[in-house]
Amino acid sequence: QKEVEQDPGPLSVPEGAIVSLNCTYSNSAFQYFMWYRQYSRKGPELLMYTYSSGNKEDGRFTAQVDKSSKYISLFIRDSQPSDSATYLCAIGGGANSKLTFGKGITLSVRP
Amino acid sequence: ETGVTQTPRHLVMGMTNKKSLKCEQHLGHNAMYWYKQSAKKPLELMFVYNFKEQTENNSVPSRFSPECPNSSHLFLHLHTLQPEDSALYLCASSPVGGTEAFFGQGTRLTVV
């Protein structure tokens with residue numbers, strides 16, 4: 001089983017939709033949970049960072065972690081065309097603090 | 001100026017060429033990383049440097065040779081690459097022991 005699995009894409013939604021992006025992980029030692037956003041021809045930028053179960057909100061973005069199910073989600077409310085990008089989950093902590101990334105999912109928000 | 005700067009942004013090289021990628025960070029971090037990003041694959045960690053010392057080499061072929069002269073600069077020397085090495089090469093930095101990585105814009109490498 002891969003350490004981090006991310007829903008396959010691509011994903012296309014109309015403007016204003018609620019978007020749900022998900023990842024699962026296998027190692028219960030992971031402690032840090034992040035979402036990166038990567039625009040075309042750019043490097044990934046950190047979007048959300050949490051280290052506990054529950055929800056963390058930042059504007060239109062909500063990161064959700066369920067450690068018991070080893071499941072993390074990113075919700076985007078009122079999605080905008082500017083949200084069109086690739087979203088990567090990244091999970092870290094445990095023995096060596098390395099980040100392990102999902103494959104990424106490309107989101108397209110149609111005007 | 002962005003926190004992590006990579007040059008060049010694009011590079012096309014033949015299989016017999018030798019080239020170098022450069023990364024510079026202005027964030028005061030002491031850990032630097034090279035990642036490889038290929039289509040439809042997760043980011044692959046290649047090398048880790050903490051305080052200029054290499055602490056991790058994830059079974060990367062010797063045709064990739066990293067160099068870290070100080071905590072702010074990181075190089076990746078390339079020689080006799082293969083077409084399958086074509087990818088986006090990303091540099092990142094973080095505080096030592098920190099999990100949050102800050103990425104540069106990447107170098108899009110094409111090996112012909």
Side-chain angles (χ1 to χ4, degrees), chain A residues 1-11 21-27 29-52 56 58 63 65 72 85-107, chain B residues 1-11 21-25 27 29-50 54-59 74 87-110:
Chain A
Q1 182 183 9
K2 295 188 178 70
E3 281 197 294
V4 178
E5 301 221 39
Q6 186 166 3
D7 284 352
L11 181 62
L21 308 175
N22 309 294
C23 285
T24 57
Y25 62 96
S26 57
N27 187 345
F30 284 137
Q31 300 165 33
Y32 305 96
F33 309 93
M34 298 169 201
W35 287 94
Y36 282 82
R37 178 176 61 194
Q38 186 174 19
Y39 289 115
S40 181
R41 300 186 182 85
K42 302 279 190 183
E45 58 175 330
L46 184 64
L47 191 60
M48 299 283 284
Y49 177 8
T50 184
Y51 56 87
S52 59
K56 180 177 181 180
D58 183 1
V65 176
I72 68 170
T86 297
Y87 291 81
L88 304 103
C89 62
I91 303 178
N96 56 20
S97 294
K98 275 193 313 184
L99 276 181
T100 302
F101 285 85
K103 288 186 181 181
I105 182 169
T106 299
L107 170 68
Chain B
E1 189 171 333
T2 58
V4 182
T5 305
Q6 289 186 244
T7 54
R9 293 292 309 279
H10 302 273
L11 178 62
L21 309 185
K22 179 182 175 183
C23 176
E24 184 174 358
Q25 60 97 0
L27 299 170
H29 293 158
N30 286 303
M32 296 189 78
Y33 312 81
W34 281 116
Y35 283 87
K36 176 183 179 182
Q37 187 175 38
S38 305
K40 302 194 189 315
K41 293 175 74 173
L43 277 172
E44 299 172 54
L45 180 63
M46 300 173 71
F47 301 103
V48 180
Y49 278 82
N50 290 329
Q54 187 180 124
T55 57
E56 193 156 341
N57 174 340
N58 277 335
S59 304
L74 186 64
L88 181 68
Y89 288 85
L90 290 159
C91 173
S93 72
S94 76
V96 171
T99 310
E100 189 177 333
F102 294 82
F103 286 87
Q105 306 249 38
T107 295
R108 174 68 62 186
L109 173 67
T110 303

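- Within 6.0 Å of the OH atom in Y39(A), the count of heavy atoms belonging to other residues, nucleotides or ligands exceeds 12.
- Under the 4.5 Å side-chain criterion, counting only non-hydrogen atoms from C-beta, P44(A) is in contact with L90(B).
- Residue contact with chain A, scored on non-hydrogen atoms closer than 4.5 Å, involves the side chain of Q37(B) exclusively.
- Residue A101(B) comes nearest to Y36(A) through the heavy atom pair O-OH, 2.7 Å, listed as atom of the first residue, atom of the second, then distance.
- If you take OH on Y35(B) and CG on L99(A), they are separated by 5.0 Å, rounding to the nearest 0.5 Å.
- With a 4.5 angstrom heavy-atom cutoff, Y33(B) does not touch chain A via any of its atoms.
- For Q38(A), the part lying near chain B is the side chain, with the backbone staying farther off; criterion is any non-hydrogen pair under 4.5 Å.
- Both the backbone and the side chain of L43(B) come within contact range of chain A, each with at least one heavy atom under 4.5 Å from a heavy atom of that chain.
- Scanning both residues, K42(A) and L88(B), for their nearest heavy atoms gives O-CD2, 4.4 Å.
- Pairing each heavy atom of R9(B) with each of R41(A), the nearest pair is NH2-O, 2.8 Å.
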